[in-house]
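Here is the structure we will look at, set down as structure tokens.
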Amino acid sequence: MSEAKFIELENWREYPPEEMRARLEEFYEDLRRRRTVRDFSNRAVPRELIETALKIAGTAPSGANLQPWHFVVIGSAATKARIREAAEAEEKEFYEHRASPEWLEALRPLGTDTNKPFLETAPWLIAVFLKKFDVRPDGGKVKHYYPSESTGLATGLLITALHRAGLVCLTHTPSPMAFLNEILGRPKSERPFLLLVTGYPAKGARVPDVSRKPLEDYVSFFED
Ligand code: IYR
């Protein structure tokens, strides 16, 4: 058992109230422009930008600080083609058999179908894996706590970081995604969480005409 060791909280900053408001408003104005995009350009994106975005993802809080995630970044055309082929096979099953009529109805406003050309067009695919446990060098297992919540938080930060860089992304979840373990050589202890497709939007890219709920619809306060 390692002992708890504490250090000073030295990097926290206090802002004057007006600056707090301004910082948040500015952040909100930036983030509310984010849209999930499916029309990608093949324009290259430097690997360094993806690395910095992943450092941002790695700052996420996690259960017992065990950081139960792994990201595989795919820029190889051959690997993207294999992923597209496997994903489209799953999607065909989904759209033709697995999805309930209710699910297909819910997806209708998004205009999605079995075709996933973006899996080859976009310069980078980021496969996010959730690690149920770590394996120590001696073969022992280290159990992870709240791995889904933790990986979701890291992915949220990643999406925010990519947007801040001026890139767009798509949270893609072909289901089931076990083919990602096989193609990317990841162990069974890792569960594919989602596939983040990222790059520049295609010229004239279009997005579904959908809106976000107003605050009152998803927030309630309980205060004195
Ligand atoms: N994975 C399918 C279906 C799909 C499911 C949900 I929930 C979405 O929000 C969007 C799509 C596809 O990618 O087409």
Side-chain angles (χ1 to χ4, degrees), residues 31-42 45 50 53 57 69-77 79-130 146-163 167-184 186 190-202 204-214 217-218:
L31 271 185
R32 66 187 296 203
R33 294 184 302 102
R34 190 198 60 78
R35 291 298 313 260
T36 291
V37 168
R38 291 182 174 78
D39 288 346
F40 281 86
S41 155
N42 62 1
V45 169
I50 305 298
W69 45 67
H70 184 87
F71 299 87
V72 182
V73 187
I74 304 121
S76 144
T79 308
K80 286 192 284 181
R82 284 185 68 193
I83 291 175
R84 177 183 180 181
E85 194 185 347
E88 285 182 339
E90 293 296 359
E91 296 292 18
K92 193 163 162 18
E93 270 301 299
F94 173 82
Y95 283 98
E96 290 176 7
H97 305 290
R98 268 199 304 264
S100 62
E102 192 184 14
W103 195 343
L104 292 176
E105 182 58 30
L107 289 179
R108 219 210 299 259
L110 304 183
T112 53
D113 59 31
T114 57
N115 263 332
K116 306 298 175 194
F118 49 75
L119 292 173
E120 286 191 271
T121 318
W124 299 108
L125 308 180
I126 307 175
V128 184
F129 287 87
L130 170 169
Y146 300 100
S148 323
E149 290 83 349
S150 306
T151 307
L153 290 164
T155 304
L157 288 179
L158 178 57
I159 292 166
T160 309
L162 293 169
H163 172 75
L167 296 170
V168 294
C169 68
L170 164 66
T171 44
H172 184 41
T173 50
S175 157
M177 288 188 276
F179 64 84
L180 287 174
N181 287 72
E182 198 189 310
I183 295 176
L184 302 171
R186 301 309 302 172
E190 296 184 4
R191 175 156 72 72
F193 186 71
L194 59 77
L195 193 55
L196 204 64
V197 182
T198 190
Y200 287 95
R206 286 154 61 89
V207 293
D209 183 12
V210 294
S211 59
R212 296 188 170 106
K213 291 178 179 176
D217 285 14
Y218 65 96

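Numbering of ligands and ligand atoms starts at 1, following listing order. Quick note: numbers below take in every heavy atom, side chains included, and nothing from hydrogens, waters or symmetry partners.
The shortest N or O to N or O distance between Trp103 and ligand 1 is not below 3.5 Å. Here's the thing with Lys116: one of its N/O atoms is less than 3.5 angstrom from an N/O atom of ligand 1.
Residues Phe193 and Trp69 keep their aromatic ring centres 6.0 Å or farther apart.
Taking His70 as the reference, nothing meets the ring-ring contact (aromatic ring centres under 6.0 Å, His included) condition, with sequence neighbours excluded.
Counting the atoms of ligand 1 from 1 in the order shown, those under 4.0 Å from a heavy atom of Thr173 are 1 (N). Close approach of ligand 1 to Tyr95 (heavy-atom distance below 4.0 Å) involves ligand atoms 2 (C), 3 (C), 12 (C), 14 (O). Within ligand 1, counting atoms from 1 as listed, the ones closer than 4.0 Å to a heavy atom of His172 are 13 (O).
Taking the six-membered ring where the residue is Trp, Trp103 and Phe94 present perpendicular rings, their angle passing 60° and hence far from 30°.
With a 4.0 Å cut-off on non-hydrogen atoms, Leu107 touches ligand 1 through its side chain and not its backbone.
Remark: minimum distance from atom 1 (N) of ligand 1 to any protein heavy atom is reached at Glu91 OE2, 3.0 Å.
Just one of Ile159, Leu162, Val37 meets the side chain to side chain contact (heavy atoms under 4.5 Å, CB included) condition when paired with Leu167; it is Leu162.
Closest of all the heavy-atom pairs between Ala87 and His172 is CB-NE2, 4.5 Å.
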What do the steps show when you test Phe179 against Ile83 for side chain to side chain contact (heavy atoms under 4.5 Å, CB included), and what is the final call? CA-CA 8 Å; Phe179 64 84; Ile83 291 175; 4.2 Å; yes

